[in-house]
Amino acid sequence: MRLTQIIEALLFASDAPLSAEDLSRVDERLDEDTVEAVIRELRAEYELSERSFQIYEVAGGFQLLTRPEFVSVLERYDSVPQPSRLSAPALEVLSIIAYRQPLGRAEVEDIRGVGSSGVLRTLVERELVAPVGRAEGLGRPLLYGTTRKFLEHFGFRSLDDLPRPEELPVVLRERPQPQQEADGAEGTDGTDGT
Amino acid sequence: MRLTQIIEALLFASDAPLSAEDLSRVDERLDEDTVEAVIRELRAEYELSERSFQIYEVAGGFQLLTRPEFVSVLERYDSVPQPSRLSAPALEVLSIIAYRQPLGRAEVEDIRGVGSSGVLRTLVERELVAPVGRAEGLGRPLLYGTTRKFLEHFGFRSLDDLPRPEELPVVLRERPQPQQEADGAEGTDGTDGT
Amino acid sequence: MKSPVEAVAEPHNPTANVDGAFVVELDRFQGPLDLLLHLIREQDIDIFDIPIGQITEQFLRAMSDVERLGLDRAGEFLEMAATLVRIKAQMLMPRRTDALGELEDPRAELVRRLLEYEHFREASLRLAEAQADRGRHYARGHVPPRTTSQPVVAELECTWDEVFAAALRVGERPKGPDDHVVAQRAVPIEEKIGLIVQTLAQLARVEFRRLVEPFGDKLHGVVTFMAGLELSKRRQLSMRQSEPFADIWLYRRDDVDPDEADVDGTGMDEADTEDADAPDADH
């Protein structure tokens, strides 16, 4: 059994991206570097044999996904699960959390000028954001951050793939932020672990 | 777009077996017989290139599944004791973050001399570290720190309890510096840093 | 009724320009800031010089059927309306001066909020693009469940001793040929001066090697050495070496042992450009 076959089998049988570290656990011959070399080899094989899928880097891991040119075929088939799209308010709340994390509900609402608890709750249920700690101060409100599912949903390799603030048309002056205490994920019951 | 590619993409992305009739509807060039010919062609390709998956007939339809001989690989992978222990790279990154927090991924990688995003993700998932803010400078990279769970797990009341003996490498003895040396930002001195 | 999160994001064009008057469908807006921003954009208004009377009037007109939105959302619009009316009144009064003696603009806070909101609006549009890009890739539709149970995240077994042992080894890694992937960046000498000063604030002396090893490349070594020379010139430390090719030590200046006094003013004994990699010289 070749290493390319083993890695391919794992990627093929997984419904989420697997990191090089995860993948290296399967065989003693593997470490993170060799996993990446194997993945390069697989990519070349798929390219050469014109497979309809390829290995993409998502959320700090690797995932087998169809190539974009097949969307026109796949979006017509009922048996193909279609990607969910988030509403404009959900995207707005997510972008605030993504750039300002960790932050609390009150800060999100301050920025948007509207109540956001419903949207926030749904985002937590969908595991796109999760509580990551508590702020200092009155009531020690929960602070939220984005999860790995968030990265997967947008196809980001990491948070570094977020559009940089200075690429956005309006660059706002930063408000002085209270230094947050690095405060464990208490009370999160590990929602983003899966 | 070749017919083999289209059929492959459909089999890959469908959540259930597809019959020859289902598949034939995707393209007017196809009927049930030609679908079966295309499937034979794909099977031969997978056989030749020793893919770890194959097309099987299931419940009157076709489905892409892992070949049986790789089931043991998956089982082995699943039974590898899921890291109840941290890998050596994870321990190293955790120690760097513990002593140097808050700091960004680029800085961790600078100190280690190797890419560290996968390891960092593991630690975030284990809730031992979490993003605690963002650095000034280009792209405002995330800064990581240890969590409350970190303190609890290792029995520290606060970060002041971390031992800092002389034999600690100098990079770790250095007190966290307010000025982030996030890549490319050197020399800017954050003139308008609030 | 779709849940607020599932609903498909669609570009909204909620106003129609009828005879120069804006007819606004209030419930198409996410909130008062969204509505304000829309009014400002639609009329090409300079956000730093908002004609507050005109905007207030348009905002109030748009709000005429606000009660349809329900109490909570209506309240948000009403609050903004009150703010606009207050700013409008303040514009008519003599301005106060701020701490710097500049005239305060009553609109300043509103402008800040609008800019901030617009920033995240733009960011959310980028997220929508990323979402659409990702939506063109499909994962496997059916991943059969494994026979073995899904991996459970086991209870963490890790002692502080392990972490600490790892800490002691930080910087020891032999640098492989692949290390050039880490972007080479300039190493400012000030950074190294800072490192040395900070280290010597805690330790009376330190081996040169220990300042450099964790960074592991030649450039850091050279710059750290230059930083050491600079500090010894400033008489903040002395650099010592017992014999050629031996380790170089940096001593805090006030701690220099007179017995091993450093005679020449350079603060450096046997100072040649050191090559730490040189073979042991029997000497």
Side-chain angles (χ1 to χ4, degrees), chain A residues 1-2 5-6 8-10 12-13 19-22 25-27 32 45 49-53 59-61 64 66-67 69-70 73-74 76-77 79-81 99-102 132-133 145 148 157-160 164-166 173-177 179-186 188 190 192-193, chain B residues 1-2 5-6 8-10 12-16 18 22 26 45 49-53 64 66-67 69-70 73-74 76-77 80 83 87 89-90 101-102 105 117-122 124-127 129-134 138-142 144-152 192 194:
Chain A
M1 223 174 265
R2 288 180 292 114
Q5 292 178 301
I6 292 174
E8 180 184 72
L10 286 173
F12 187 76
S19 71
E21 202 197 353
D22 289 338
R25 293 208 319 270
V26 75
D27 194 291
E32 291 185 39
E45 284 182 23
S49 55
E50 297 185 306
R51 298 268 70 89
S52 59
F53 47 78
L64 271 178
T66 59
R67 293 158 59 123
E69 56 263 40
F70 295 96
V73 173
L74 296 175
R76 287 186 285 135
Y77 258 71
S79 64
V80 173
Y99 282 97
R100 287 279 173 88
Q101 61 188 316
V132 293
R148 175 164 145 204
R157 281 165 304 180
S158 74
L159 284 173
D160 294 335
R164 295 183 163 192
E166 59 271 21
R173 287 143 300 172
E174 201 55 49
R175 278 189 307 171
Q177 266 191 304
Q179 184 57 48
Q180 306 292 1
E181 178 197 349
D183 195 349
E186 81 180 59
T188 62
D192 79 337
Chain B
M1 226 178 270
R2 289 181 293 114
Q5 291 180 300
I6 294 173
E8 179 183 75
L10 275 171
F12 181 89
S14 172
D15 62 2
L18 292 170
D22 291 332
V26 76
E45 280 183 29
S49 54
E50 298 185 301
R51 299 268 68 93
S52 59
F53 48 81
L64 262 182
T66 311
R67 286 161 52 153
E69 59 264 46
F70 289 94
V73 172
L74 301 181
R76 177 155 31 108
Y77 177 76
V80 171
S87 67
Q101 60 187 309
R105 181 181 50 77
S117 54
V119 181
L120 204 47
R121 196 186 82 180
T122 310
V124 170
E125 274 168 19
R126 290 217 157 258
E127 296 174 2
V129 310
V132 294
R134 284 176 177 277
L138 211 61
R140 300 191 33 74
L142 281 178
Y144 294 87
T146 53
T147 61
R148 168 170 299 181
K149 185 162 171 188
F150 168 88
L151 293 178
E152 283 169 2
D192 68 338
T194 40

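Below, chains carry the letters A, B, ... as their sequence lines are ordered, and counting in each starts from 1. These numbers come from a predicted model, not from an experiment.
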Q) What option among A/G61, A/A59, A/G145 has the most heavy-atom pairs under 4.5 Å with chain B? A) A/A59
Q: Grab the two heavy atoms, one from B/G133 and one from A/P102, that are nearest each other, plus how far apart they are.
A: N-CD, 4.0 Å
Q: Under 4.5 Å heavy-atom distance to chain B, tell me which part of A/R67 shows up: side chain, backbone, both or neither.
A: neither
(Q) Quick one about B/S49 and A/E45 (side-chain donor to acceptor, distance below 3.5 Å, no hydrogens or angles considered), yes or no? (A) no
(Q) Heavy-atom cut-off 4.5 Å, strictly under: side chain, backbone, both or neither for A/A20 against chain B? (A) neither
Q.
Ignoring hydrogens, what is the shortest heavy-atom contact between B/A13 and A/P81? Give both atom names and the distance.
A. O-CD, 3.2 Å
Q. Which bit of B/V119 is near chain A, if near means a heavy-atom gap under 4.5 Å: side chain, backbone, both or neither?
A. both
Q: Return the option, out of A/L74, A/D27, A/I6, with the maximum number of heavy-atom pairs under 4.5 Å with chain B.
A: A/L74
Q. Is it the side chain or the backbone of A/L10 that comes within 4.5 Å of chain B heavy atoms, both, or neither?
A. both
Q) Looking only at heavy atoms, what is the nearest atom pair of A/S52 and B/A9, with distance? A) OG-N, 3.3 Å
(Q) A side-chain contact here means heavy atoms from C-beta on lying under 4.5 Å apart; do A/T66 and B/E8 qualify? (A) no
(Q) Which one wins on heavy-atom pair count under 4.5 Å against chain A: B/E69, B/E50, B/M1, B/R51? (A) B/R51
Q | Which portion of B/F12 sits near chain A, non-hydrogen atoms under 4.5 angstrom | A | side chain
Q: Below 4.5 Å from any heavy atom of chain A, which atoms of B/R105 appear? Answer side chain, backbone, both or neither.
A: side chain
Q. Tell me, do B/L18 and A/S79 make a side-chain contact under 4.5 Å, heavy atoms counted?
A. yes
